[in-house]
Amino acid sequence: MSFFKFIFSKKFLLQLVIAALVVVILGFLSAQWLNYTTNHDQRIKVPDLSRLSLDVVDKKLEEMNLRREILDSANYNPDYPRYAVIEQVPAAGKQVKENRKIYLTLNPSGYAKVEVPNYSVELNVR
C-alpha cells in the first residue's frame, strides 16, 4: 500500500478522528480540574487593617481564611498606637483568594534609643 493510499484510508481517518476526540476531551477535563483546584472566581475582599493591634488582626484574618506575615517595623509614628498596623499589602479593598498572605508593617513600641557619641573638638586658634 502506498503512503498516500494509507493516509486517505478509512482506518487511518478513523484513528485520526479518535485521537482528536481524545485530545478535546482531555483538554476539557483539564480545564475543569484547574477551575476546581485553583478556586477560580472565588475571591475575598481584603479588610482595612490599619490602626488595629495584632490580636484583632489575627481574629479578623482567621475569620476570613487569610494569613498574615509581618514584614518589619517602620519608623515610630505617634499618630498610630503601639504595634498597630501602619501599612498592608495588598491594600484594603483588593480581591485575593482564600489562604493568601497579607503582608503587614507595624508601628514600633516607641522611639529608638540611640547613644550619641561625644565628638567635642578643641580648636586652637592663634
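- With sequence neighbours excluded, no residue forms a side chain to side chain donor-acceptor pair (under 3.5 Å) with R51.
- The side-chain heavy atoms of L61 and P47, taken from C-beta on, include a pair separated by under 4.5 Å.
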Between I7 and F3, is the side-chain contact (heavy atoms from CB on, under 4.5 Å) condition met? List the steps.
CA-CA 6 Å; I7 287 179; F3 179 70; 3.1 Å; yes

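- There is no path of hydrophobic side-chain contacts, each under 4.5 Å, that joins Y103 to L106.
- Taking the salt bridge (Lys or Arg N to Asp or Glu O under 4.0 Å) definition, one finds that K101 meets it with E69, sequence neighbours left out.
- Residues V96 and P90 approach most closely at CG1-CG, 3.7 Å, considering heavy atoms.
- Applying the side-chain contact (heavy atoms from CB on, under 4.5 Å) test to S53 and every residue at least two apart in sequence or in another chain returns D55, V56.
- Distance check, rounded to the nearest 0.5 Å: CD1 of I18 to CD of Q15 gives 5.0 Å.
- Proximity of a side-chain donor or acceptor of N107 to a complementary backbone N or O of N77 within less than 3.5 Å is detected.
- Contacts classified as salt bridge (charged side-chain N to carboxylate O under 4.0 Å, His left out) and involving residues 85-97 (residues at least two apart or in different chains) are not found.
- Annotation: Y80, atom OH; neighbour count of heavy atoms from other residues, nucleotides and ligands within 6.0 Å is above 12.
- One hydrophobic cluster, built from ILVMFWY side chains closer than 4.5 Å, holds both L54 and L66.
- V85 and V89 are not part of a single hydrophobic cluster, where members link through side-chain heavy atoms under 4.5 Å apart.
- When the side chains of ILVMFWY residues are joined at heavy-atom separations under 4.5 Å, either directly or via intervening members, L49 and I86 end up in two distinct hydrophobic clusters.
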Between N99 and R67, does the side-chain contact (heavy atoms from CB on, under 4.5 Å) criterion hold? Intermediate values first, please.
CA-CA 6 Å; N99 204 24; R67 298 179 294 155; 3.3 Å; yes

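- Applying the 6.0 Å contact sphere to CZ of R43 captures no more than 12 heavy atoms from other residues, nucleotides or ligands.
- No chain of hydrophobic side-chain contacts below 4.5 Å, direct or via other Ile, Leu, Val, Met, Phe, Trp or Tyr residues, connects L52 to Y83.
- Under the salt bridge (Lys or Arg N to Asp or Glu O under 4.0 Å) criterion, D58 pairs with R68, not counting sequence neighbours.
- Applying the ring pair (Phe, Tyr, Trp, His ring centres under 6.0 Å) test to F12 and every residue at least two apart in sequence or in another chain returns F6.
- Considering all non-hydrogen atoms of both residues, Q88 and I102 come closest at CB-CG2, 4.3 Å.
- I44 and M64 make their closest contact through CD1-O, 3.2 Å (heavy atoms, listed as atom of the first residue, atom of the second, distance).
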